[in-house]
Structures are given as structure tokens and as C-alpha cells.
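Written below as C-alpha cells is the structure these notes are about.
The basis for the numbers below is simple: all heavy atoms, side chains too, and nothing from hydrogens, waters or symmetry mates.
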Amino acid sequence: INTIPPLTGVLWIAHDNNLEEIPCIKRINSELRLVNFNNNKIKQLQSNCFSFTNDGIKQYYLSNNQITSIKRLAFHEFTFLLELDLSINN
């Protein structure tokens, strides 16, 4: 994933896409509010795992993955994050 189309409000890459890491998204619009990576095989969250800044993301879902490691600055870009779901991980 390199870019997301303008006016995209939801990024939904959930339910058995077998992602092992969060894809690098280099450019993003300010309309994105919800990101869902539930039900994949993501093992860790790196620092700066999103290579963009987007103050609009309010909901970020990572449940039912295989996350065992979260780096210290993994979420520092999300200044207005209201909901973070990390349930059902290792």
C-alpha cells in the first residue's frame, strides 16, 4: 500500500489477510478516521510503524493478531486517538 485515495474515511484490512506486519503507508489524507488490522498475523508494532502523521485517526483496531512486542513510540503519531483495541493477542 503506497497511497490511500482522497476522502477515504476507513482503512479496513481485517479478517484473515495474513498480514505479518503493518504495511507502510507513505501518504495519507486527513479524512481517515478508522484503521482496522484485526484478525491478521501481526507480531510486533515498530516505532513509526505508520510513516505519516494523521491527527484525524480516532479508532485503531489490532485485536486477534499475534502481537507480543510494542515499541515505545509505536503510537506517537496518533495525537487524537480515542480507541485502541489490542485484545486477544499473544
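Residue N39 holds its CG atom at 5.0 Å from NE2 of H15, rounded to the nearest 0.5 Å. Distance CZ/F80 to CZ/R33: 10.5 Å, rounded to 0.5 Å. Taking CD from Q46 and CD1 from I70, the interatomic distance works out to 11.5 Å, rounded to the nearest 0.5 Å. Atom OG of S87 sits about 9.5 Å away from atom CG of L62, to the nearest 0.5 Å.
Side chain of N40 to main chain of N65: no donor-acceptor pair is present (N/O by atom type, distance under 3.5 Å, no hydrogens or angles). Proximity of a side-chain donor or acceptor of N17 to a complementary backbone N or O of F37 within less than 3.5 Å is not detected.
Side-chain contact, N38 with S63: a donor N or O sits under 3.5 Å from an acceptor N or O.
Hydrophobic clustering places V35 together with I22 (ILVMFWY residues linked when any side-chain heavy atoms are closer than 4.5 Å, directly or through intermediates). Residues L34 and I42 do not share a hydrophobic cluster, defined by chaining ILVMFWY side chains whose heavy atoms lie under 4.5 Å apart. If you chain together hydrophobic residues whose side chains sit under 4.5 Å apart, L81 and L45 fall into the same group. Taking hydrophobic clusters as Ile, Leu, Val, Met, Phe, Trp and Tyr residues chained together by side-chain heavy-atom distances below 4.5 Å, V10 shares a cluster with Y61.
A 6.0 Å sphere centred on CD of E21 holds no more than 12 heavy atoms belonging to other residues, nucleotides or ligands. Within 6.0 Å of NZ on K43 lie more than 12 heavy atoms contributed by other residues, nucleotides or ligands.
Between L11 and L32 the shortest side-chain heavy-atom distance falls below 4.5 Å.
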Practice problem: Output, in order, the C-alpha distance, side-chain angles, deciding distance and verdict of side chain to side chain contact (heavy atoms under 4.5 Å, CB included) for I67 and L86. | Solution: CA-CA 8 Å; I67 299 170; L86 293 167; 4.2 Å; yes
Practice problem: Show your reasoning for whether side chain to side chain contact (heavy atoms under 4.5 Å, CB included) applies to F75 and L84. | Solution: CA-CA 10 Å; F75 301 107; L84 173 64; 3.8 Å; yes
Quiz item: Given N89 and N64, is the side chain to side chain contact (heavy atoms under 4.5 Å, CB included) satisfied, shown in steps?
Solution: CA-CA 5 Å; N89 278 285; N64 200 22; over 6 Å; no
Self-check item: Intermediate values then yes/no, side chain to side chain contact (heavy atoms under 4.5 Å, CB included), K58 and E83
Solution: CA-CA 6 Å; K58 296 189 180 346; E83 186 175 0; over 6 Å; no
